[in-house]
S.K.: 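This is the structure I have questions about; it appears just below.
Computed over heavy atoms, backbone and side chain alike; hydrogens, waters and symmetry mates excluded. All of these numbers come straight from a predicted model, not from anything done at the bench.
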Amino acid sequence: MAYSFPEEVLEHVFSFIHSYKDRNAISLVCKSWYDIERWCRRRIFIGNCYAVTPRITIRRFPELRSVSLKGKPHFADYNLVPHKWGANLYPWVAAMAQAYPWLEELRLKRMVVTDDTLEMISHSFKNFKVLVLSSCEGFTTHGLAAIAANCRNLRELDLQETEVDDPSGNWLSHFPESCTSLVSLNFTRLEGEVSFSALERLVGRCTNLRTLRLNQAVPLDKLANLLCRAPQLVDLGTGIYSGEVRPELYSKLVSAFAGCKELKNLSGLWEVVPAYLPAIYPVCPGLTSLNLSYATIQSVDLIKLVSQCQNLQQLWVLDYIEDSGLDALAASCKDLRELRVFPSDPYGAEQNVSLTEQGLVSVSEGCPKLHSVLYFCRQMSNAALFTIARNRPNMTRFRLCILEPHTPDYLTLQPLDVGFGAIVEHCKNLRRLSLSGLLTDRVFEYIGTHAKKLRMLSVAFAGDSDLGLHHVLSGCKSLRKLEIRDCPFGDKALLANASKLETMRSLWMSSCSVSFGACKLLGQKMQRLNVEVIDESGPPDSSPDDCPVERLYAYRSVAGPRFDRPTFVWTVDENSAMRLS
Amino acid sequence: MAKQGLELEITELRLGLPGDNCHSSRDKNEIKKRVFSEISVDDDQNSSSSSGGDRRKNQNNNNNNNKTQVVGWPPVCSYRKKNNAAEAETTKLYVKVSMDGAPFLRKIDLKTHKGYSDLAVGFEELFRSYGIGGMWKDSESSEYIPIYEDKDGDWMLVGDVPWEMFTESCKRLRIMKRSDAKGFGILQSKPYSNGEKQNDLKI
């Protein structure tokens, strides 16, 4: 029976399949489908830039238009990865400049991007449209100026949480007067002033602009001007939301916001002056996303604001909201899906706000669609965790951070094992979990037994022995990323579950008890695993083999050991010699 | 501990820290707490070079407590740390920094630095290629001296006054070549037994 489906038909069918997972599945059906699929793949997501090389990527997918890359491990956000560790974008862009002249989109997270690289992007890709730089570093506004000046069809320039130095102050003026294509502009973390006239002109002529997120240098009166020019905005990040209270500025703001009928997302709101808050009230009922995590206003004002946002789906807020504010949230925002509560005083020893586990319990009771939580607090109980778990079996992301490590259940002084156990047992679709508080190996037994859909687990100051790590590695079938710090986990569990590591994207372990000898063994045995030891105090083999390593980062890769290792990163290859950089 | 790891039986694993035969949970907590504070101290000692780039480990000691700061805990991104505490100063304090021999000036935000050693690291970052390492530690042998212009217009040696006083009065900074220091009146002559006078810098 001949297989007579023409390639063009298959290609057409494949063009309706967008998810990476499905695309990958298609390519595994047979050689001919693999071949057809790779030629018509337009978008790729590479979760670890060192898992594959540019050359391998280009060889397999010759016609990409959109590339997403992630670089440093997540704990880099908390200063656990040394400066100059790697994740340089340059080699990727250099290779893609040759291979993908029609590249349209680059979405990067935790990568190091230089001005030269940005300049190369701006010159190499004639139809470049989307640049997203999330938590990146390494460039200044010189690079941005090149992008602005040369990318004629730029639609999105999104710097998200990337901090940018601004030596020149004038990059916005590099957008030519002919540029009208911008749909999204986000420069929230840019240090320094912007040229308001250039910004106003740019915003005025880009009539398709939907997202505008400003930095702190933009004051209220300029905000009002911008809103008047762009009433069609769907996503707004204000600048500094404060200033002297002036009636004429207030009414200017009121009418500016009143004109924004499409606004769904509101963020920015640094240094909020409560007197100016009512200007926002008219847009509140339409809001689905509100980021107040920089607004240092008190519970009373927060309650007034949040109570008017009946359609809110996502709220990020400081713990100034307190339990009373979370009660109000639970009562008013029945469509809430995601809540993040950040600490206003993370390093203070004393509680400065009246926020406890009760606030989270309230929201879990009142908001039936709540499925994603990030919660910083100072006390927790197993009873509260039980209640949350039973209220919200639809939870998919649960990240709890009790500020002081090893904090037990404040009511019983017991470990919080059974509370988290309830979470993983009831929330069968849990994909992401961060633990904190006093925890023994028991909690890992629960996790290994129940958390079958868990993809990412973050652990700190927990567990008693290797058994804990063993439960997780042997039980969590869907685990992709495991990051551990300051736990008494060592060699035994790691080596007993070595093959598990090739089924995951990466493993991070810092300040644990993994010996250099075990790292060597792991690197030698597992061909497709890059085992990197990060140690700034010197070569790990100058200490005895059983000395624990500072930091271990192990990730699967088809690229082999990387060539751009800095001097403090040590790897092991299969010839059982320690390879220095 | 030197088992061939891959052939390990699960039954070999047992609860408890290696070598620890204690069963009471209270003792375990104490052991954990000891381990934690040891780790904290180690982190303090090891982490001075591990903080990335110009992100600084927060050494804020609120309420006069002696809580050890652990790197990266609580897990709050650096840009949130800057903005969150109600008492945090949100004003920036950019001052120009010139270095003898460098073709252009730089700017540094004094508010993001916690003290003089922090500032020294900041200088090294800015002027790395000019080799000003060890400017304070090896003050006798360093080629450069940091000075600043204060509110009265006087040029002062960096490091004499408490940090807060310095940030309040500093208008601009200069990293000066030691050989140029003669004209600034901070050299002292010391008579030697053989009658020879020798200039040396009093830091």
S.K.: Give, as side chain, backbone, both or neither, the part of A/I240 having an atom under 4.5 angstrom from any heavy atom of chain B.
M.R.: neither

S.K.: Using side-chain heavy atoms (C-beta onward) and a distance below 4.5 Å, is B/W73 in contact with A/P346?
M.R.: no

S.K.: Starting at CG of A/D77, measure out to CZ of B/R80 and round the result to the nearest 0.5 Å.
M.R.: 11.0 Å

S.K.: Would you say NZ of A/K500 has more than 12 non-hydrogen atoms from neighbouring residues, nucleotides or ligands within 6.0 angstrom?
M.R.: yes

S.K.: Contact between A/F376 and B/P75 at the side-chain level, heavy atoms closer than 4.5 Å - yes or no?
M.R.: yes

S.K.: If you compare all heavy atoms of A/E163 against all heavy atoms of B/S78, which two are closest, and at what distance to 0.1 Å?
M.R.: OE2-OG, 4.3 Å

S.K.: Give me the atom names and distance for the closest heavy-atom approach of A/N79 to B/V71.
M.R.: O-CG1, 3.8 Å

S.K.: Taking all non-hydrogen atoms of both residues into account, name the closest pair between B/P74 and A/Y347 and its distance.
M.R.: CD-CE2, 3.7 Å

